[in-house]
Amino acid sequence: MPELPEVEHVVRALRRGVLGRQIVATEIHLPKLVSPSSASTFSRKLKGSRIIAINRRGKYILIELEKLNARGRALTNALTNEGATASSLKPATEQVLIVHLRMTGKFMVLTPDDELPRHAHAVFYLDDERRLVFRDQRQFGIMRLAAKSRVGETKGISELAPEPFGSDFNVGYLKETLSRSRRTLKTLLLDQTRVLGLGNIYASEALFRAQINPFRIASALSSKRTERLHQSIRDVLRAAVSSNSSRRLNLEDPKGFSYGEAFGKVWQVYDREGKPCFKCGTRIKRITHGGRSTYWCPKCQRR
DNA sequence: ACCCTCACCTGCACGC
DNA sequence: TGCGTGCAGGTGAGGG
C-alpha cells in the first residue's frame with residue numbers, strides 16, 4: 001500500500017529508531033520472504049552487522065550494513081598496536097538489505113516486554129535488547145541481501161526510472177517517455193520503470209491535479225499537459241512527504257500503524273466515488289482499469 | 001519491445 | 001451468524 005511518500009517516512013522512522021544498532025541475530029519465519037536465499041544463509045550473513053545508513057530508491061528501502069570479519073577486526077587491533085600496515089587491513093564487508101513493502105509490509109520496533117504481533121515474518125534482534133520486526137499480512141513483501149557495490153545492478157532496482165525529485169526527472173524526460181508509449185496515462189504512471197514513486201492513489205491524484213483524463217493515450221499528450229503532469233507528480237508526492245500527519249511515524253508505537261491512518265489525508269478523487277468533486281461539485285467516477293480502481297472527475301478531467 | 005492478464009496472499013466490507 | 005463475492009495503496013512471470 002505504501003507509495004513513495006510512505007516509504008520515505010518509513011525510512012526516516014527507521015533512521016530515528018535503529019540507525020547505528022547492531023544486528024545480533026535474525027529469525028525468518030516466512031522463508032519465501034528472503035527467497036531465493038535460504039533463511040539460515042540470510043541470517044548468517046546478517047549476524048554481527050551494524051546498520052550504518054538507511055536510504056530509499058523508489059519504493060525500495062535500502063538498509064546499509066557493515067560487518068567486520070574476524071580477520072578485519074584482528075588486523076584493526078594489530079594496526080592499533082603498530083603491528084600491521086594499513087595496506088594489509090582487510091576492509092569490512094558492506095552489504096545492503098533491500099526491502100520492498102509491497103502492499104502490507106510494515107516495520108515496527110519492539111521493546112523486551114512486547115509480544116510478537118501476528119504476521120511477524122522477520123525478527124532482527126538488536127544490540128540494545130529491542131527487536132526490529134517486519135510484519136506483512138499479505139506476504140507480498142520481499143527482502144534481499146546484496147553487496148553494496150551491486151545494489152544498482154539488482155533486478156528490480158536497475159530498471160527503475162529516475163527519482164521524481166531528482167534533476168533527471170525533468171519535463172524532457174517525461175515527454176520522451178510518454179511519446180514512446182501507447183498505453184493510457186493511468187497505466188503508464190504506475191509503471192515504475194517509466195515514472196517512479198506513484199502508486200494507485202497518487203497516480204489518480206496527480207492526474208486530477210493536472211486536470212488530465214486518466215484514459216488519454218500517453219504518446220498523444222500535448223506539451224502543455226505534459227508539463228502540467230510533470231509538475232503535478234512532484235507536487236502530489238512532495239505534499240505527501242511533507243505532510244504533518246505522517247511526520248510522527250513511530251515504529252515503537254504499540255498499536256502499530258496503518259498507512260491510511262499514519263498518512264491520513266483527504267484525497268481529492270481517490271476513494272471518493274459518487275462524492276462531489278471539491279473543485280466543481282460533479283460526482284467523482286470510478287472504473288476498474290488495468291485491474292486497478294481509477295478515480296477521476298468527469299468534468300475537470302474531460303477527454 | 002511492448003503490453004496485458006494473472007498470480008501471489010490475507011482480511012475486510014458488503015449483500016443475501 | 002454464516003457464507004459467498006469483490007476488493008485492497010504492488011509487482012513480476014508468462015504469453016500474445
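Residue numbers start from 1 in every chain, and the chains themselves are labelled A, B, ... in the order their sequence lines are given, proteins ahead of strands.
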**Q** Can a salt bridge be assigned to the pair A:Arg209 and A:Glu205 using a cut-off of 4.0 Å between side-chain N and carboxylate O?
**A** no
**Q** Nearest whole angstrom, please: distance from the P of C:dT11 to the NZ of A:Lys32.
**A** 16 Å
**Q** In whole Å, what is the span from the CG atom of A:Leu160 to the C1' atom of C:dG12?
**A**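 Going from A:Leu160 (CG) to C:dG12 (C1'), I get 13 Å.
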**Q** Report yes if at least one side-chain N or O of A:Lys59 is closer than 4.0 Å to OP1 or OP2 of C:dT11; otherwise report no.
**A**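 A:Lys59 to C:dT11 OP1/OP2: side-chain N or O found under 4.0 Å.
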**Q** Does A:Arg272 qualify as a cation-pi partner of A:Phe278, given the criterion of NZ or CZ under 6.0 Å from the six-membered ring centre and within 45 degrees of its axis?
**A** yes
**Q** Considering only the P atoms, how many Å lie between B:dG11 and C:dT11, rounded to the nearest integer?
**A**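 Approximately 22 Å lies between the P atom of B:dG11 and that of C:dT11.
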**Q** Give a yes/no on whether any side-chain N or O of A:His100 is located under 4.0 angstrom from OP1 or OP2 of C:dG10.
**A**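 Looking at the OP1 and OP2 atoms of C:dG10, neither is under 4.0 Å from any side-chain N or O of A:His100.
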**Q** Within a strict 4.5 Å, meaning less than it, do heavy atoms of the A:Pro298 and A:Trp296 side chains meet?
**A** yes
**Q** To the nearest Å, give me how far apart CG (A:Asp136) and P (C:dA8) are.
**A**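 Distance check: A:Asp136 CG to C:dA8 P gives 18 Å.
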**Q** Heavy atoms, side chains only, cut-off 4.5 Å: are A:His100 and A:Phe140 in contact?
**A** no
**Q** Heavy atoms, side chains only, cut-off 4.5 Å: are A:His29 and A:Leu116 in contact?
**A**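 The answer is yes; the side chains approach within 4.5 Å.
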**Q** If I take atom CH2 in residue A:Trp267 and atom P in nucleotide C:dG9, what distance separates them, rounded to the nearest angstrom?
**A**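 That distance rounds to 11 Å.
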**Q** Mapping A:Tyr60 and A:Asn200 to their closest nucleotides on DNA chain C, which lands nearer the 5' end?
**A**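 Result: A:Asn200.
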**Q** Quick one: are A:Leu178 and A:Arg216 in side-chain contact, heavy atoms under 4.5 Å?
**A**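 They are not in contact (no side-chain heavy atoms under 4.5 Å apart), so the answer is no.
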**Q** Have A:Thr193 and A:Asp191 got a donor and an acceptor in their side chains that come within less than 3.5 Å?
**A**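 Distance-only check passes for A:Thr193 and A:Asp191.
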**Q** Is there a side-chain polar atom (N or O) of A:Tyr202 under 4.0 Å from OP1 or OP2 of C:dG9?
**A** no
**Q** Could A:Lys59 and A:Glu3 be called an ion pair, given the rule that one side-chain N must be under 4.0 Å from one carboxylate O?
**A** no
**Q** Let me have DNA chain C in dot-bracket notation, would you? Count Watson-Crick plus G-U wobble pairs, both distances under 3.5 Å, and use [ ] for pairs crossing earlier ones and | for inter-strand partners.
**A** .|||||||.|||||||
**Q** Is the closest side-chain heavy-atom distance between A:His289 and A:Pro214 below 4.5 Å?
**A**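 Sidechains of A:Pro214 and A:His289: no contact.
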**Q** Using whole Å, what does the distance between atom C1' of nucleotide C:dG6 and atom CZ of A:Arg292 come to?
**A** 15 Å
**Q** Quick one: do A:Asp136 and A:Arg102 make a salt bridge, cutoff under 4.0 Å?
**A** no
**Q** Looking at side-chain heavy atoms only, is the closest gap between A:Glu8 and A:Leu237 below 4.5 Å?
**A**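 No. Closest side-chain heavy atoms not under 4.5 Å.
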**Q** At under 4.0 Å between heavy atoms, what does A:Arg183 touch on the DNA or RNA strands: base, sugar-phosphate, or nothing?
**A** sugar-phosphate
**Q** Tell me, please, the opening and closing nucleotides of DNA chain B, 5' to 3', among those with an atom under 4.0 angstrom from a non-hydrogen atom of chain A.
**A**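 The contact span of chain A on DNA chain B goes from B:dC3 to B:dG11.
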**Q** Does a side-chain heavy-atom distance below 4.5 Å link A:Glu64 with A:Lys148?
**A** yes
**Q** Distance check, P atoms only: C:dG14 and B:dC9, in whole angstrom units.
**A**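 That atom pair is separated by 15 Å.
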**Q** Side chains of A:Thr294 and A:Ser204: does their closest heavy-atom pair fall under 4.5 Å?
**A**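 Answer yes - side chains close enough.
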**Q** Would you kindly give the CD-to-P distance between A:Gln137 and C:dC7, to the nearest whole Å?
**A**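 Going from A:Gln137 (CD) to C:dC7 (P), I get 18 Å.
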**Q** Can you check the distance between C:dG6 and B:dC6, where both ends of the measurement are the P atom (answer in whole Å)?
**A**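 My reading of the P atoms in C:dG6 and B:dC6 gives 14 Å.
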**Q** So, OP1 or OP2 of C:dA8: does either fall under 4.0 Å of a side-chain N or O from A:Ser293?
**A** yes
**Q** So which of residues 138-147 of chain A are in contact with DNA chain C, with a heavy-atom cut-off of under 4.0 Å?
**A** A:Arg138, A:Phe140
**Q** Grab the CZ-C1' distance between A:Arg102 and C:dG9 for me, whole Å please.
**A** 14 Å
**Q** Any base atoms under 4.0 Å from A:Glu3, or only sugar-phosphate, or nothing? Heavy atoms, all strands.
**A** sugar-phosphate
**Q** Would you kindly give the CG-to-P distance between A:Leu189 and C:dG9, to the nearest whole Å?
**A** 15 Å
